[in-house]
Amino acid sequence: MMPEISLSILDVAENSTRAKASLVRIGIEIDTVKDTMVLTIDDDGCGMTEEQVKRVEDPFFTTRTTRKVGLGVPFLKQAALAANGDFSIASEVGRGTNVRAVFQYSNIDRMPLGDISHTIQQLVVYHPETDFLYTYSYNGRSFALDTREMREILGDVPFSEPEVQEYILSYLTENKQEVDHGQVE
Amino acid sequence: MKSLEELKAIREKMQGQLGLREEENAKTRVLVGMATCGIAAGARPVLTEISDEVQKDHVKDVMVSQTGCIGLCQYEPIVEIYEPGKPKITYVHMDKDKAKRVVKEHLEGGKPIVEFMLHTVRDAENSAKNK
């Protein structure tokens, strides 16, 4: 299992970019009253056949050719189930893939969310061909980062520009702090 | 809430400055493995460190990006360095401190670090096994 949930998010979202998604939606919704953390990763990439979807939760399935074991999805599923949660994946060829993991927020076995701001920043900066819509919400307060909006403002200035990279990271860090007051581990 | 206004300011400042520094001029490519194996072994902070150091020291003509699984999972985190006219260098078992040294000594100083290279690490492991 990954030591942080954010690393699983990075891993599964990397799959989306490899599936040639043009838009990847990543959502984190924490509700301490319902005691849930709901994670969704939805892409409009190439999708998978029914057969592939069945097998993707199996560690011995992967589309890569450099090794024979694919642990990205199984790791996330295991992390959710270990935290008294739930996991589902749905996909359609040509339409995309939806991954949903639910964690019992207060569960002692829930992995920490970890450094989600760096995770999202890296996804954005190192995948200039892909758009991301990231939403983070904590007990009803929320913020979003939409690379389509940013792209429109930036024009031909790339996300890899150091000042832009820095801006994206502080946008993520400061807004997260305002939304959850640093309560989330 | 931090808004997009600041981004507009950055955009305005950058206007006119672009084109001076084209990505194609980046002579050296630094690739960090970012598949499940790399991520689980700690590749995210390694990528952050390299990117931060390269920016901080204004290292010229270096492009940092990421790659998938290259089939050497047991040696992750892996950093590959491609310099024109030179053989590819593969650094293995990277961490933040080693990554920083790679930027300082190899990318800035021009001296590759033999002790972090794949063949050195693999030879050391093999001779330990044969003892």
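Numbered from 1 within each chain, the chains take letters A, B, ... in sequence-line order. Excluded from the calculations below are hydrogen atoms, water molecules and symmetry mates; all remaining heavy atoms, backbone and side chain alike, are included. None of these values were measured; they are calculated from a predicted model.
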| query | B:Val54 versus chain A, heavy atoms under 4.5 Å apart: side chain, backbone, both or neither? | reply |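 The answer is neither part of B:Val54.
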
| message | Are more than 12 heavy atoms, taken from residues, nucleotides or ligands other than A:Glu50, located less than 6.0 Å from that residue's CD atom? | response |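 No.
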
| For B:Lys98, does the NZ atom sit with more than 12 other heavy atoms under 6.0 Å from it, leaving out its own atoms? | yes

Below 4.5 Å from any heavy atom of chain B, which atoms of [X] appear? Answer side chain, backbone, both or neither.
X        : result
A:Gln177 : neither
A:Thr119 : both
A:Met1   : neither
A:Gln165 : side chain
A:Glu166 : neither

| query | Side chains of A:Thr97 and A:Ser91: do they bring a donor and an acceptor to under 3.5 Å? | reply |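 Result is yes, a qualifying pair exists.
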
| said: With no hydrogens and no angle check, just 3.5 Å: does a side-chain donor-acceptor pair link A:His127 and B:Gln66? | reply: yes

| said: Working to the nearest 0.5 angstrom, can you tell me the gap between A:Ser142 OG and A:Asp180 CG? | reply: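 Answer rounded to 0.5 Å: 12.0 Å.
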
| said: Using 0.5 Å steps for rounding, measure from the OH atom of B:Tyr75 to the CD1 atom of B:Ile70. | reply: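 Here the rounded value is 11.5 Å.
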
| request: Please state whether the rings of B:Tyr91 and B:His106 are parallel, tilted or perpendicular, taking 30° and 60° as the class boundaries. | output: perpendicular

| Winner by heavy-atom pair count (cut-off under 4.5 Å) against chain B, out of A:Asp115, A:Val125, A:Val164 | A:Asp115

| Does anything in residues 41-51 of chain B get under 4.5 Å of chain A by heavy atoms, and if so which residues? | B:Arg44, B:Leu47, B:Thr48, B:Ser51

| query | Which residues, numbered in order, of residues 76-89 of chain B come under 4.5 angstrom of chain A by heavy-atom distance? | reply |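 Checking residues 76-89 of chain B against chain A gives no residue, so none.
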
| remark: Minimal heavy-atom distance between A:Glu4 and A:Leu113, with the atoms involved, is CB-O, 3.9 Å

| said: For A:His181 versus A:Glu178, what's the shortest heavy-atom pair and its separation? | reply: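 That would be CE1-O, 3.4 Å.
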
| said: Whether the side chain of A:Thr32 engages the backbone of A:Asp35 through a donor-acceptor N/O pair (distance < 3.5 Å, no angle test) should be reported. | reply: no

| said: Looking at B:Asp97 and B:Arg101, is any side-chain nitrogen of the basic one under 4.0 Å from a carboxylate oxygen of the acidic one? | reply: no

| field | Hydrophobic cluster membership, B:Leu31 vs B:Val64, 4.5 Å side-chain cutoff | value | no

| said: In the structure I gave you, are the side-chain heavy atoms of A:Tyr138 and A:Asp31 within less than 4.5 Å of one another anywhere? | reply: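 No. Closest side-chain heavy atoms not under 4.5 Å.
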
